[in-house]
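Structure, as structure tokens:
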Amino acid sequence: MDTGDSRMMQDVIVVGAGLGGLCVLHHLLEAGFAASCIEAGAGVGGTWYWNRYPGARCDTPSLEYSFGFSDELQQEWHWSEFFAAQPEIERYLNHVTDRFDLRRHITFDTKVVTARLDESDWKWTLTTDDGRRWIAPFVVMATGCLSAPALPDYSGMDTFVGLSLQTSSWPGEVDLARKRIGVIGTGSSAVQAIPELAKVAGHLHVFQRTATFTYPSHNGPMDPAVEEAAKARYPELRRLERTLSNGIAGFGGAPMFQPPRPVNILESTAEERAAVLGELGWGACRAWSDISTNAQANEMAVELYREMVRRTVTDRLAAEALSPYGYPLGCKRPVLDTGYFEAFNRPNVTIVDLRSDGIQAITESGIRTSSSDIDLDVIVFATGFDAMTGALDRVDIRGRGGRSLRDEWASEGVKSLLGLQLAGYPNLFTVNGPGSPSVVANMATTIEHHAEWITACLLHLREKGLSAIEPTTAAQDAWADRVNEIASKTMYTAPTCNSWYLGTNIPGKRRQFLPFVGGLSSYIAICDDIAREEYRGFHRT
Ligand code: NAP
């Protein structure tokens with residue numbers, strides 16, 4: 001339906017009011033652009049609006065998973081824990097929204113369904129699910145990397161008479177006390193939810209397809225001394241984040257991963273490995289220099305991890321089921337947990353290993369595996385996302401000559417210049433788009449960098465009297481090659497690796513590694529150089 005109702009003459013429309021959208025909106029307004037934002041949810045927060053499942057929490061330290069663009073903001077906000085939980089992050093983002101007077105620029109409960117370029121005047125027209133049209137020369141898609149939920153396609157999905165829930169669109173408070181709950185999936189979301197669900201469930205069945213690598217977060221209440229020390233030199237620490245490969249300086253106080261020691265596990269003795277295991281525990285598997293380049297070394301390190309699982313999970317069969325096999329350490333995103341393996345020592349928790357006992361169907365009363373029917377009151381789908389591209393290509397985006405981004409990515413693979421812009425789609429920007437560090441770095445840092453870069457780019461166009469900018473195909477191809485080449489030397493792309501980074505969690509999605517893993521600091525240097533050199537690799541009109 002096209003009601004003809006349109007919001008004319010914004011300079012920029014920002015799609016999404018999560019961390020990315022809020023940050024871009026603020027930067028654009030500060031720079032004097034007329035900008036407005038369209039958000040599908042009823043409130044701000046994006047990921048932190050939708051993912052309300054029990055245990056939802058960030059795995060980047062709170063003091064760093066926050067904005068640095070205003071020192072007043074970072075001084076006045078107090079984080080109660082090293083790793084903040086969803087409600088606190090949502091409160092923070094609401095505070096940011098009101099503190100910087102962003103709310104009146106955001107239209108909520110409204111979903112963008114199409115985006116079309118008119119080449120005659122370089123304007124984009126967006127249509128939303130309420131039939132409205134929105135027109136602006138520039139569009140910033142801040143639609144998130146992990147915001148398009150993925151659901152499995154088991155037969156009988158709609159026959160289950162109990163409650164079906166998704167971690168990625170959790171409806172807030174749900175009374176799960178004494179319920180028979182089944183969780184499908186053991187990625188980050190499930191690993192956080194399982195210990196919390198186990199505390200209240202009558203019985204919890206965990207349906208696991210791939211055992212995960214997860215590490216204790218050592219989360220706890222914020223230490224006032226740590227907070228004070230960080231606040232005393234916050235701007236300096238923010239600068240430090242940008243000089244690091246993952247944007248996390250570790251000043252949150254909670255122990256983070258240590259860099260590997262200069263020792264090869266292939267050259268170690270059994271006694272040395274046992275000593276490292278005794279000293280570092282869960283960190284022992286990551287402590288060696290050769291595990292990211294040598295498959296045999298990697299497998300030896302995985303064995304140290306399995307040993308920790310055996311030491312933690314008391315039931316021998318459960319420990320074996322929870323032990324990762326068949327893919328390397330460093331292939332999937334590492335998970336941080338609070339009491340994950342310990343939850344399986346509770347009498348009300350059962351692991352169902354789908355490697356040997358696959359799901360046949362969802363039934364009226366629960367889940368049918370090859371060996372049994374498991375009766376459930378609640379099924380929780382913690383089955384992940386169509387990551388990095390899903391939220392973008394669920395919008396029907398049409399660029400030059402009516403070309404379709406969705407079709408182009410499906411047939412030719414995903415390409416972008418710097419994860420910031422797409423050849424053929426002038427004046428459309430992506431925040432943390434494919435080809436940028438995004439999900440392999442501190443998302444708050446990468447978002448701020450993108451917000452600054454996009455704003456500076458628009459100011460540059462305005463200053464020069466230009467009306468359009470778009471990557472050249474050659475520059476975009478070269479960047480895609482670089483992204484692939486760097487990833488091809490890592491465990492992220494090992495032949496036995498399947499992950500949402502590679503898109504292999506989505507049936508039919510092309511196997512392609514999506515983020516830039518060359519390091520945040522070098523990425524920022526590249527982006528800055530390009531801007532300094534009058535946007536080398538971009539065509540301006
Ligand atoms: P995920 O890592 O993709 O995990 C999905 C889980 O569901 C996997 O165990 C997957 O198994 C399983 N699964 C998918 N389809 C299935 C099927 N048909 N049958 C059985 N199992 C199936 O998704 P996620 O846990 O939502 O996490 C995604 C990302 O979001 C994380 O890696 C992280 O970047 C982010 N996240 C972060 C936090 C945090 O900050 N702490 C919390 C939650 C999420 P396979 O492994 O076999 O595919």
Side-chain angles (χ1 to χ4, degrees), residues 19 46-48 50-62 64-65 81-86 89 144-155 157 166-170 182-196 205-217 219 246 248 254 322 324-327 331-338 340 351-355 357-362 367 369 379-388 390-391 432 438-444 446 492 496-507 509 514-515:
L19 246 81
T47 286
W48 305 106
W50 296 105
N51 290 261
R52 295 168 184 273
Y53 59 86
R57 137 181 342 275
C58 188
D59 60 6
T60 301
S62 323
E64 302 195 58
Y65 189 82
E81 294 180 279
F82 284 123
F83 294 100
Q86 176 272 331
I89 303 175
C145 297
L146 294 153
S147 48
L151 260 186
D153 188 21
Y154 290 120
S155 76
M157 289 278 285
Q166 275 180 273
T167 47
S168 50
S169 54
W170 197 269
V183 174
I184 302 180
T186 49
S188 297
S189 304
V191 163
Q192 292 184 330
I194 285 163
E196 296 304 314
H205 280 89
V206 176
F207 296 86
Q208 171 197 266
R209 187 165 68 180
T210 307
T212 197
F213 289 99
T214 172
Y215 304 84
S217 69
N219 187 33
N246 66 358
I248 302 175
L322 288 160
Y325 285 95
Y327 73 100
C331 139
K332 291 178 191 268
R333 184 180 162 99
V335 179
L336 292 190
D337 71 84
T338 303
Y340 175 66
I351 179 84
V352 182
D353 188 351
L354 302 180
R355 291 173 294 192
D357 190 15
I359 293 178
Q360 303 299 304
I362 308 287
I367 294 180
T369 69
I379 300 178
V380 175
F381 293 92
T383 44
F385 300 89
D386 182 354
M388 308 211 59
N432 275 347
S438 58
V439 289
V440 293
N442 178 350
M443 297 281 276
T446 58
Y492 288 121
T496 51
C497 183
N498 287 304
S499 70
W500 57 258
Y501 291 136
L502 284 163
T504 52
N505 62 325
I506 302 298
K509 190 167 175 176
L514 295 167

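In listed order, ligands and their atoms are each counted from 1. Residues take their numbers from the sequence shown, with the count starting at 1.
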Practice prompt. Please name the pair of heavy atoms, one in Cys145 and one in Ser438, separated by the smallest distance, quoted to 0.1 Å.
Written response: SG-CB, 3.9 Å

Discussion item. For atom 25 (O) of ligand 1, which of the options Ser189, Cys58, Ala150 provides the nearest non-hydrogen atom?
Written reply: Ser189

Practice prompt. May I ask you to identify the nearest protein heavy atom to atom 4 (O) of ligand 1, giving residue, atom name and distance to one decimal place in Å?
Written response: Gly187 CA, 3.4 Å

Practice prompt. Heavy-atom contacts with Leu354 under 4.0 Å: which atoms of ligand 1 show up? List them by number with element.
Written response: 20 (C)

Item to complete: With atom 18 (N) of ligand 1 as the reference point, say which of Ser188, Pro152, Pro149 has the nearest heavy atom.
Response: Pro152

Discussion item. Can you check which of Trp48, Tyr154, Trp500 brings a heavy atom nearest to atom 28 (C) of ligand 1?
Written reply: Trp500

Worksheet item: With a 4.5 Å limit on heavy-atom distance, are the side chains of Phe83 and Cys58 in contact?
Response: no

Discussion item. Is it true that Asp337 and Thr214 share a donor-acceptor pair across their side chains at a distance under 3.5 Å?
Written reply: yes

Discussion item. With the threshold set at under 4.0 angstrom, would you say Tyr65 reaches ligand 1 through any of its heavy atoms?
Written reply: no

Fill in: Close approach of Gln208 to ligand 1, heavy atoms, under 4.0 angstrom
no

Response to the item:
Near Gly384 (heavy-atom distance under 4.0 Å), the atoms of ligand 1 are 3 (O), 5 (C), 23 (O), 26 (O)

Fill in: side-chain contact (heavy atoms from CB on, under 4.5 Å) assessment of Phe385 paired with Ser168
CA-CA 8 Å; Phe385 300 89; Ser168 50; 3.5 Å; yes

Worksheet, complete the sentence: Within 4.0 Å of some non-hydrogen atom of Thr186, the atoms of ligand 1 are 6 (C), 8 (C), 9 (O)

Response to the item:
So for Phe381 against ligand 1, with non-hydrogen atoms under 4.0 Å, the contacting part is neither

Worksheet, complete the sentence: Residue, atom and distance of the protein heavy atom nearest atom 40 (O) of ligand 1 read Asp59 N, 3.0 Å

Discussion item. Could you tell me if Lys332 sits above the aromatic ring of Tyr501, with its cationic atom closer than 6.0 Å to the ring centre and no more than 45 degrees from the axis?
Written reply: no

Item to complete: Check each atom of ligand 1 against the heavy atoms of Tyr53 and keep those under 4.0 Å away; list them by number with element.
Response: 42 (C), 43 (C)

Worksheet item: Which of these, Arg333, Lys332, Met443, Arg209, has its nearest heavy atom closest to atom 46 (O) of ligand 1?
Response: Lys332

Worksheet item: Roughly how far, to the nearest 0.5 Å, is the CH2 atom of Trp50 from the OG atom of Ser169?
Response: 7.5 Å

Worksheet item: Is the backbone N or O of Phe381 less than 3.5 Å from a side-chain atom of Gln166, with the two atoms forming a donor-acceptor pair by type?
Response: no

Item to complete: Report the member of Asn51, Ile89, Val191, Thr210 with the shortest heavy-atom distance to atom 47 (O) of ligand 1.
Response: Thr210

Worksheet item: Should one rank Gly55, Gly185, Cys145 by closest heavy-atom distance to atom 12 (C) of ligand 1, which comes out on top?
Response: Gly185

Fill in: side-chain contact (heavy atoms from CB on, under 4.5 Å) partner of Phe207, chosen from Thr369, Val380, Val183
Thr369

Discussion item. Does any part of the side chain of Val206, heavy atoms only, come nearer than 4.5 Å to the side chain of Val352, both counted from C-beta?
Written reply: no

Fill in: Shortest heavy-atom approach to atom 35 (C) of ligand 1 - which of Asn498, Leu146, Thr47, Asp337
Leu146

Discussion item. Geometry only, no angles: is Asn505 polar-contacting ligand 1 at N/O separations under 3.5 Å?
Written reply: no

Worksheet item: Roughly how far, to the nearest 0.5 Å, is CG of Asn51 from OG of Ser189?
Response: 6.0 Å

Discussion item. With a 4.0 Å cut-off on N to O distance, would you call Arg209 and Asp353 a salt bridge?
Written reply: no

Practice prompt. Tell me which protein heavy atom sits closest to atom 39 (C) of ligand 1, plus the residue, atom name and distance to 0.1 Å.
Written response: Arg57 O, 3.1 Å

Fill in: Side-chain heavy atoms of Ile367 within contact of Ile184, under 4.5 Å
yes

Worksheet item: For Ala382 and ligand 1, does the shortest N/O to N/O distance drop below 3.5 Å?
Response: yes

Worksheet, complete the sentence: The closest protein heavy-atom partner of atom 41 (N) of ligand 1 is Gln192 NE2, 2.8 Å

